[in-house]
Amino acid sequence: MKNSKPVGLFVSMLFGAALCGAGAAHAAKISISCGAVGQEYEFCKTGAEAWAKKTGNEVNLVSTPNSATERLALYQQLLAAGAPDIDVFQIDVVWPGILGNHFIDLAPFAKDVVKNHFPAIIQNNTIDGKLVAMPWFTDAGMLYYRKDLLEKYGAKPPQTWQELTETAKKIQDAERKGGNDKMWGFVWQGRAYEGLTCNALEWVASYNGGIVVDKDGKITINNPQAAAALDTAAGWIKTISPEGVLNYTEEEGRGVFQSGNAVFMRNWPYAWPLAQGPESAIKGKVGVSALPKGGADGRSAAALGGWQLAVSKYSKNKELAADLAVYLTSTEEQKRRAIKGAYNPTIESLYKDQEILAAAPFMGELYDTFVNAVARPSTVTGAKYNQVSNEFWNAVYSVLSGKAKAADSLAQLEGSLKRMSRGGKW
Ligand code: GLC
């Protein structure tokens, strides 16, 4: 599964649901693209509907593919054609450098509120002095575990990947013997797409193996710690992780974990209220912690994720579209989304909000994980980031699927990145 599905498949998704604002006689219709991972679409819809009601306009929601990689391909196709169909785009934290020149500067619309957001995200979203997107929610990889099973077998949340491997194997085998032959130790995102880049970056960074390309543009990935990290992960396939993990995005892993068939899961915060929700088989049995370290000298590394809202320069209603983006990223709306959907705010003061901390305690407990999350090398590689990531996830994928040894695959990756970077200039 090296290539993503053709974008054409998703064009049908452009016919979203039109939601009318009350009494909107001469209302404009603003189209917004939203993710649909977990409860994303639902939360986007309720937020956009509230704006439509307040302003007397209409909103049209466009659902997009779950894989970030497929979503990017769809956006690139629409934006390259200068299509005015979508006014507001939900964009990944690693896309400002790739898509930024298709978006308007939001600074004039957000001048009173910019200061409320984490400065690092504002900086990330500023390209050539233009604020191309407003921060909406931030993300970091976390380890979910079955509290009940760890207790049953006298185990603690693992501090290192080695501990995770051992605990996962022990509990998986015992539970299988006890009658659940579907039980697996660890599920994560192993499909050849952007999610694998996030998982693999966490392993590599946790072994002090760097972040593929450092902040000065130097290619650092061909090193023994990185190879050790990838070899460790390759050892999980078919022992503690199903072979199918090589085709998992976020939602497939969540499905397995939430139906009670995995001890550990690597995922983003959105999975929390779902795993603990009324329809979950493991409600009340879930714990979360920072991801394990790469050995005693390693560190816990969470990939920095997150989503922003940008306004297309091809929009016919730029001001209204900007108003919607500012509304959806406001303190009130981020608070609602944090409480009900566990979407991590990009507004620092909300991490002290008692209602948020009561609904999603991990936002307080893992605060350091969120603020110290490891960024992918998207700022330094700019418009080339997706190609860099694509080379990286494919190199990792060949190791995981047993087609190459980590050391060879990383040496080859170094070569292709060097050719791409033209002497580190990017
Ligand atoms: C999450 C993150 C995003 C990342 C994606 C990869 O949605 O927020 O930044 O690119 O996962 O699957």
Side-chain angles (χ1 to χ4, degrees), residues 1 4-5 33-41 43-44 63-76 89-99 118 120-121 124-125 133-144 187-203 205 211-212 245-255 265-272 274 291 301-310 329 334 337-338 341-346 363 366 369-370 373-379 381 385-390 392-394 396-397:
M1 239 323 284
S4 33
K5 288 178 200 149
S33 78
C34 302
V37 176
Q39 308 183 96
E40 260 187 316
Y41 185 82
F43 277 97
C44 180
S63 173
T64 54
N66 276 355
S67 152
T69 300
E70 288 168 7
R71 201 182 293 179
L72 175 61
L74 170 65
Y75 284 4
Q76 283 178 312
F89 282 83
Q90 175 181 335
I91 71 158
D92 200 337
V93 69
V94 286
W95 299 348
I98 302 174
L99 301 177
F118 285 115
I121 310 183
N124 177 80
N125 295 0
M134 279 300 288
W136 199 17
F137 63 98
T138 185
D139 254 346
M142 325 194 284
L143 184 70
Y144 289 76
V187 291
W188 39 281
Q189 295 80 45
R191 185 185 292 192
Y193 81 121
E194 186 62 26
L196 179 55
T197 287
C198 296
N199 283 244
L201 192 85
E202 286 166 350
W203 311 327
I211 55 161
V212 185
V245 82
L246 296 176
N247 202 22
Y248 283 6
T249 66
E250 286 76 5
E251 284 292 83
E252 288 82 9
R254 181 173 71 82
M265 168 175 76
R266 183 268 175 216
N267 216 324
W268 308 98
Y270 86 92
W272 170 256
L274 295 163
L291 289 165
L304 174 69
W307 294 84
Q308 343 294 316
L309 292 177
T329 54
Q334 290 208 11
R337 292 168 54 90
Y343 294 102
N344 274 58
T346 60
M363 288 194 196
L366 299 183
T369 299
F370 291 105
V374 180
R376 285 161 273 173
S378 55
T379 299
T381 59
Y385 172 71
N386 190 48
Q387 286 154 265
V388 171
S389 183
N390 195 301
F392 179 53
W393 80 58
N394 280 332
V396 173
Y397 194 89

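Count residues from 1 along the sequence. For ligands, and for the atoms within them, numbers begin at 1 and follow the listed sequence. Please read these numbers as outputs of a predicted model, since none were measured by experiment.
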Report task. For side-chain contact (heavy atoms from CB on, under 4.5 Å), just list the numbers for Val93 and Asp139, CA-CA rounded to whole Å, side-chain angles, deciding distance to a tenth of an Å, and then say yes or no. Result -> CA-CA 9 Å; Val93 69; Asp139 254 346; over 6 Å; no
Requested in this report: For the residue pair Glu194 and Tyr385, confirm or rule out a side-chain donor-acceptor distance under 3.5 Å.
Outcome: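 Note: Glu194 and Tyr385 side chains meet the donor-acceptor criterion.
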Requested in this report: Could you point out which residue of Asp92, Leu99, Val94, Ile98 forms a side chain to side chain contact (heavy atoms under 4.5 Å, CB included) with Asn386?
Outcome: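 The single option meeting the side chain to side chain contact (heavy atoms under 4.5 Å, CB included) with Asn386 is Ile98.
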Which pairs of nitrogen or oxygen atoms, taken one from ligand 1 and one from the protein, are under 3.5 angstrom apart?
{"unit_1": "ligand 1", "atom_1": "7 (O)", "unit_2": "Trp307", "atom_2": "NE1", "d": "2.9"}
{"unit_1": "ligand 1", "atom_1": "8 (O)", "unit_2": "Asp139", "atom_2": "OD2", "d": "2.5"}
{"unit_1": "ligand 1", "atom_1": "8 (O)", "unit_2": "Gly306", "atom_2": "N", "d": "2.9"}
{"unit_1": "ligand 1", "atom_1": "8 (O)", "unit_2": "Trp307", "atom_2": "NE1", "d": "3.0"}
{"unit_1": "ligand 1", "atom_1": "9 (O)", "unit_2": "Asp92", "atom_2": "OD1", "d": "2.6"}
{"unit_1": "ligand 1", "atom_1": "9 (O)", "unit_2": "Gly306", "atom_2": "N", "d": "3.2"}
{"unit_1": "ligand 1", "atom_1": "9 (O)", "unit_2": "Arg376", "atom_2": "NH2", "d": "2.8"}
{"unit_1": "ligand 1", "atom_1": "10 (O)", "unit_2": "Asp92", "atom_2": "OD2", "d": "2.5"}
{"unit_1": "ligand 1", "atom_1": "10 (O)", "unit_2": "Arg376", "atom_2": "NH1", "d": "2.9"}
{"unit_1": "ligand 1", "atom_1": "11 (O)", "unit_2": "Glu250", "atom_2": "OE2", "d": "3.3"}
{"unit_1": "ligand 1", "atom_1": "11 (O)", "unit_2": "Trp268", "atom_2": "NE1", "d": "3.1"}
{"unit_1": "ligand 1", "atom_1": "12 (O)", "unit_2": "Glu250", "atom_2": "OE2", "d": "2.6"}

**Report entry** Those residues that, when tested against Cys198, pass disulfide bond (SG atoms under 2.5 Å apart) (two or more places apart)
**Finding:**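 By the disulfide bond (SG atoms under 2.5 Å apart) rule, Cys198 matches no residue at all.
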Report task. Verify whether the ring centers belonging to Trp203 and Trp188 lie closer than 6.0 Å. Result ->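 Yes, ring centres under 6.0 Å apart.
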Query - Working for side-chain contact (heavy atoms from CB on, under 4.5 Å), residues Arg71 and Trp95 - result: CA-CA 11 Å; Arg71 201 182 293 179; Trp95 299 348; 4.0 Å; yes
